[in-house]
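First up is the structure itself, then whatever we jot down about it.
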Protein chains: 2
Amino acid sequence: MIETGAEPESRAERKLRTRRAILDATLELSTDSSLTALSLRQVAKQVGIVPTAFYRHFDSIESLGLALVEESFDSLRDLLRDVRRNAQADKDVVDGSIDALVDHVHRRRDHFGFIARERVAGPPSVREAIRREIELCERELATDLALMTGTDTWTGTDLRVLSSLFVTVLVATAEQILSTTRPEQEQQIVAAVRTQLRMLLVGVYQWQSER
Amino acid sequence: MIETGAEPESRAERKLRTRRAILDATLELSTDSSLTALSLRQVAKQVGIVPTAFYRHFDSIESLGLALVEESFDSLRDLLRDVRRNAQADKDVVDGSIDALVDHVHRRRDHFGFIARERVAGPPSVREAIRREIELCERELATDLALMTGTDTWTGTDLRVLSSLFVTVLVATAEQILSTTRPEQEQQIVAAVRTQLRMLLVGVYQWQSER
DNA sequence: CCTTTCAGTGAACATCTGTACACCCACAAC
DNA sequence: GTTGTGGGTGTACAGATGTTCACTGAAAGG
């Protein structure tokens, strides 16, 4: 099985290719429903291997899920990196961040959809892994926010709290973008989140941490 | 089957009781995983009826899900009603709303958990139903916000956008509360969302809609 | 060249799945 | 008091599920 495109492959290369195929098939099959509703046999059929071959790569759907968490958060960290880069450049913080968000969500619909779904509906271990990763992102973002103008007198707690709110809005926006295919509706979503972030920023510039 | 507690029941009462039992069993069984991963037979076993009896009440897990959406949003609307009442009373808007949120989420863990999960991971029709209900809530909240001091000059769009942000934060907070059992962590979550809403409100009071 | 390794095969299993069908019998209606 | 309705039962079936086991054959390694 697995279309080998005439070129010879080493054993390691081929194994990696099958692994990739399993990961991709899982992302595709779980787009509606969830990992918990996905069977090993469905995945195998989609990949084009026999069910038992699955075990050569993962020992359960759950551990497959954990691998997908890592992969998906690579995408999310790519996004954060772009947000940071846009913020350091001359661009407007809000517009730059939203541009990056929209761009990355489009490029990796599968990964962002995976995180959004399994975050609340995945197997317990997967949910936990995602929660941990999100917390790392919040921490990371908090250190960036400390460098913003206006937050120099803030407490660490307030920085974390604001960071958490940003991530919440980010995740919610990604979910909304994913749930539509109509471009005009997407523009509406983008316009809304633009306003939301601006309202929030007005508050942030006025904010004084209680000490 | 179904423990009849000595008291005689009319046919209609009994049917209603079984229906309730099915709804409750489904809420309980889907707490980890999701509707899409739930089988008719699991539900039947939990209720204590034979699988085929399920069809006397619902013709699929999906239509069962739609019934649960209605029921769950009754709980959510109860919450919104309390938020409104607290806001009209002398209480602080932020604290009053958070109190109501925590209270209702505790009282109907099952319903709020159901919405949070199936919103992103449920069968397509269920997802759509939830999305529609949430939009109704946003609309409802927007009309309330119009009565707040400071929003009298706002455009309708801005009111809707702010309302949408509040609902996003509300949903995210409910999810966080649901994902912990440790009271000290819950207090931390509550404190965080308190600060988040205060930051946001500072921005709201300064906001001028562009016309 | 001969041996080892190992990704993928194929058959077999016990269990679970949704759904069809014929049946039962307490309650409701006349 | 007879009849009928309708929630519930039990059996049955074809198909899907996770996992086991012994296997193949080609690449890797000596």
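Chain naming here is simple, since letters A, B, ... match the order of the sequence lines and numbering starts at 1 in each.
- Taking B:S60 as the reference, B:E62, B:S63 meet the side chain to side chain contact (heavy atoms under 4.5 Å, CB included) condition, with sequence neighbours excluded.
- Across the protein-nucleic acid pair, A:R14 atom CZ and D:dA27 atom P stand 9 Å apart, rounded to whole Å.
- For B:E184, the side chain to side chain donor-acceptor pair (under 3.5 Å) partners are B:R182, not counting sequence neighbours.
- Distance, A:K15 NZ to D:dA28 P: 14 Å, rounded to whole Å.
- Rounded to a whole Å, the CD1 atom of A:I49 is 17 Å from the C1' atom of D:dT24.
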Pick out the pairs of N or O atoms, protein on one side and nucleotides 10-16 of chain D on the other, that lie under 3.5 Å.
unit_1	atom_1	unit_2	atom_2	d
D:dG10	O6	B:T52	OG1	3.2

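- Applying the side chain to side chain contact (heavy atoms under 4.5 Å, CB included) test to A:S39 and every residue at least two apart in sequence or in another chain returns A:R41, A:Q42.
- Judged by distance alone, the side chains of B:T180 and B:Q185 do bring a donor and an acceptor atom under 3.5 Å apart.
- For B:A53, the side chain to side chain contact (heavy atoms under 4.5 Å, CB included) criterion is met by B:I49, B:V50, not counting sequence neighbours.
- A heavy atom lying under 4.0 Å from DNA chain C marks none of the residues of residues 26-38 of chain B.
- Applying the side chain to side chain contact (heavy atoms under 4.5 Å, CB included) rule to B:A87 yields the partners B:V93; only residues at least two apart in sequence or on another chain are considered.
- Every residue two or more places apart in sequence or in another chain was checked for a salt bridge (charged side-chain N to carboxylate O under 4.0 Å, His left out) with A:R109, and none qualifies.
- No salt bridge links B:E135 with B:R131; every basic N to acidic carboxylate O contact stays at or beyond 4.0 Å.
- Sorted by first and then second residue, the pairs that involve residues 90-100 of chain B and meet salt bridge (Lys or Arg N to Asp or Glu O under 4.0 Å), not counting sequence neighbours, are B:K91-B:D99, B:D92-B:R198, B:D95-B:R194, B:D95-B:R198.
- Ranking C:dC6, D:dG8, D:dT19 by closeness to the A:P51 side chain, first place goes to D:dT19.
- Across residues 54-69 of chain A, A:R56, A:H57 each have a non-hydrogen atom less than 4.0 Å from an atom of DNA chain C (numbered order).
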Just distance, no hydrogens or angles: give the donor-acceptor pairs under 3.5 Å from side chains in residues 160-168 of chain A, sequence neighbours left out.
unit_1	atom_1	unit_2	atom_2	d
A:S163	OG	A:E138	O	2.6
A:S164	OG	B:Q196	NE2	3.4
A:T168	OG1	A:S164	O	2.9

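- One atom, CG of A:L40, and another, C1' of D:dT20, lie 13 Å apart when rounded to the nearest Å.
- Under the rule for a side chain to side chain donor-acceptor pair (under 3.5 Å), the partners of A:D158 that lie at least two apart in sequence or sit in another chain are A:W207, A:S209.
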